[in-house]
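The structure appears below as structure tokens.
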Amino acid sequence: MKRALVCGAGGFIGGHLVNRLKSEGYWVRGVDIKENEYGNTNADDFVLGDLRDPRVCEAVMEGGFNEVYQLAADMGGAGYIFTGENDAAVMHNSALCNLNVLEAAHRAGVEKIFYSSSACMYPEYNQLDPDNPKCAESSAYPAAPDSEYGWEKLFSERLYLSYQRNLGIQVKVARFHNIFGPQGTWTGGKEKAPAAMCRKVAEAPDGGTIEVWGDGKQTRSFLYIDECLEGVRRLMESDFSGPVNIGSEEMISINDFAKMVIGISGKNINIKNIPGPQGVRGRNSDNALIEEKLGWKPSQPLIEGMKKTYAWISQKVEEKSLVEQD
Ligand code: NAD
């Protein structure tokens with residue numbers, strides 16, 4: 001039986017990845033500084049531990065692993081990453097996790113390690129035109145990410161690839177573009193745009209108004225979690241190291257995205273654009289490389305994943321309001 005270690009298994013993507021690996025017959029250990037809050041707790045073994053501590057990283061490798069997935073990071077949506085207030089924490093915490101997990105995996109003789117980078121590492125100068133952003137893998141340099149989160153991702157991509165070159169451990173690097181779905185952060189300040197949009201719409205009364213950050217003309221693409229995991233697994237099974245985009249090419253303006261969620265809810269809701277942290281003006285995945293190397297592209301349109309996500313978040317909103325009424 002193959003053994004996999006998922007670092008960040010208490011989080012959104014890590015929790016879903018544990019389920020995916022279990023469904024493929026792996027024995028899985030998860031590790032995170034917190035439990036998975038959303039019920040994705042199917043790991044054979046789950047260790048509560050701080051990966052900034054090299055002793056914890058060494059200890060979780062015990063028993064040996066064929067594959068390690070390093071997803072642990074200090075991260076959040078625009079309200080966490082783009083305000084500047086959390087820059088030191090993001091860089092310090094994520095860099096330590098990445099350094100320690102990789103070194104421990106190398107020492108423990110792990111065959112393959114996956115690292116989750118982000119589209120936030122792409123240069124801002126290629127993402128100023130909302131209708132024509134450029135995010136081909138080859139456009140990463142000269143580097144100019146618009147956030148410290150992006151700079152840390154770039155550093156860690158290079159760190160992982162240098163271990164492959166110098167020390168022989170197989171490395172796989174994916175650049176995720178806005179992954180969303182049920183069982184993820186939907187409130188509290190670290191939620192990302194799809195979850196925030198669903199929550200705002202679910203909380204608004206019929207005939208009410210939701211606030212959307214920026215002028216609403218900024219563009220993004222969003223990828224449903226199951227599609228992301230299919231890309232991750234294909235990358236892991238291939239002889240290609242990346243870095244490679246795992247995202248959707250279905251670009252949408254933020255106001256049109258809000259209208260999509262409103263349409264799913266069936267309510268009549270107005271949009272009010274207000275100043276707020278936005279990140280780059282435009283971003284879209286470029287899937288030419290992943291299609292060529294792994295034959296992968298998303299299998300369903302954005303709206304299908306958003307229907308499932310809205311259903312899950314509106315239920316959470318309802319449960320919360322029932323608790324508050326008690
Ligand atoms: P998440 O915040 O839900 O999961 C990250 C997990 O890492 C959390 O459970 C957190 O507790 C854990 N963690 C943080 N510091 C830790 C520490 N010191 N020790 C142990 N665990 C620690 O985020 P996610 O959306 O699941 O993202 C997973 C990975 O994918 C992250 O590396 C993120 O940067 C990357 N990524 C995600 C997206 C996205 O759209 N969700 C986009 C690009 C990249």
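Whatever order the structure lists them in is the order used to number ligands and atoms, beginning at 1.
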Legend entry - Note: Glu230-Arg20 ion pair, threshold 4.0 Å (strictly below): yes
Would you list the atom pairs, donor with acceptor, under 3.5 Å between side chains in residues 242-265 and any protein atom, with sequence neighbours excluded?
{"from": "Asn245", "atom 1": "OD1", "to": "Tyr122", "atom 2": "OH", "distance (Å)": "2.7"}
{"from": "Asn245", "atom 1": "OD1", "to": "His177", "atom 2": "NE2", "distance (Å)": "3.2"}
{"from": "Asn245", "atom 1": "ND2", "to": "Cys135", "atom 2": "O", "distance (Å)": "2.8"}
{"from": "Asn245", "atom 1": "ND2", "to": "Glu137", "atom 2": "OE2", "distance (Å)": "3.4"}
{"from": "Asn245", "atom 1": "ND2", "to": "Asp286", "atom 2": "O", "distance (Å)": "3.0"}
{"from": "Ser248", "atom 1": "OG", "to": "Glu250", "atom 2": "N", "distance (Å)": "2.9"}
{"from": "Glu249", "atom 1": "OE2", "to": "Asn287", "atom 2": "N", "distance (Å)": "2.7"}
{"from": "Glu250", "atom 1": "OE1", "to": "Leu302", "atom 2": "N", "distance (Å)": "2.8"}
{"from": "Ser253", "atom 1": "OG", "to": "Asp256", "atom 2": "N", "distance (Å)": "3.1"}
{"from": "Ser253", "atom 1": "OG", "to": "Asp256", "atom 2": "OD2", "distance (Å)": "3.4"}
{"from": "Asn255", "atom 1": "OD1", "to": "Asn273", "atom 2": "ND2", "distance (Å)": "3.0"}
{"from": "Asn255", "atom 1": "ND2", "to": "Asn273", "atom 2": "OD1", "distance (Å)": "3.0"}
{"from": "Ser265", "atom 1": "OG", "to": "Ile262", "atom 2": "O", "distance (Å)": "2.7"}
{"from": "Ser265", "atom 1": "OG", "to": "Lys267", "atom 2": "N", "distance (Å)": "3.0"}

Legend entry - Stacked cation flag Lys172 on Phe114, 6.0 angstrom / 45 deg: no
Legend entry - Sub-6.0 Å ring centroid separation between Tyr38 and Trp186: no
Inset, instruction - Using salt bridge (charged side-chain N to carboxylate O under 4.0 Å, His left out) as the criterion, list what pairs up with Arg220, not counting sequence neighbours. - result: none
Inset, instruction - Could you please provide the protein residues found below 4.0 Å of ligand 1 on a heavy-atom basis, arranged by chain and number? - result: Gly8, Gly10, Gly11, Phe12, Ile13, Asp32, Ile33, Lys34, Gly49, Asp50, Leu51, Arg52, Leu71, Ala72, Ala73, Met75, Cys97, Ser116, Ser117, Ser118, Tyr149, Lys153, Phe176, Asn178, Ile179, Lys192
Legend entry - Non-neighbouring partners of Tyr160 that pass ring pair (Phe, Tyr, Trp, His ring centres under 6.0 Å), sequence neighbours left out: Tyr115
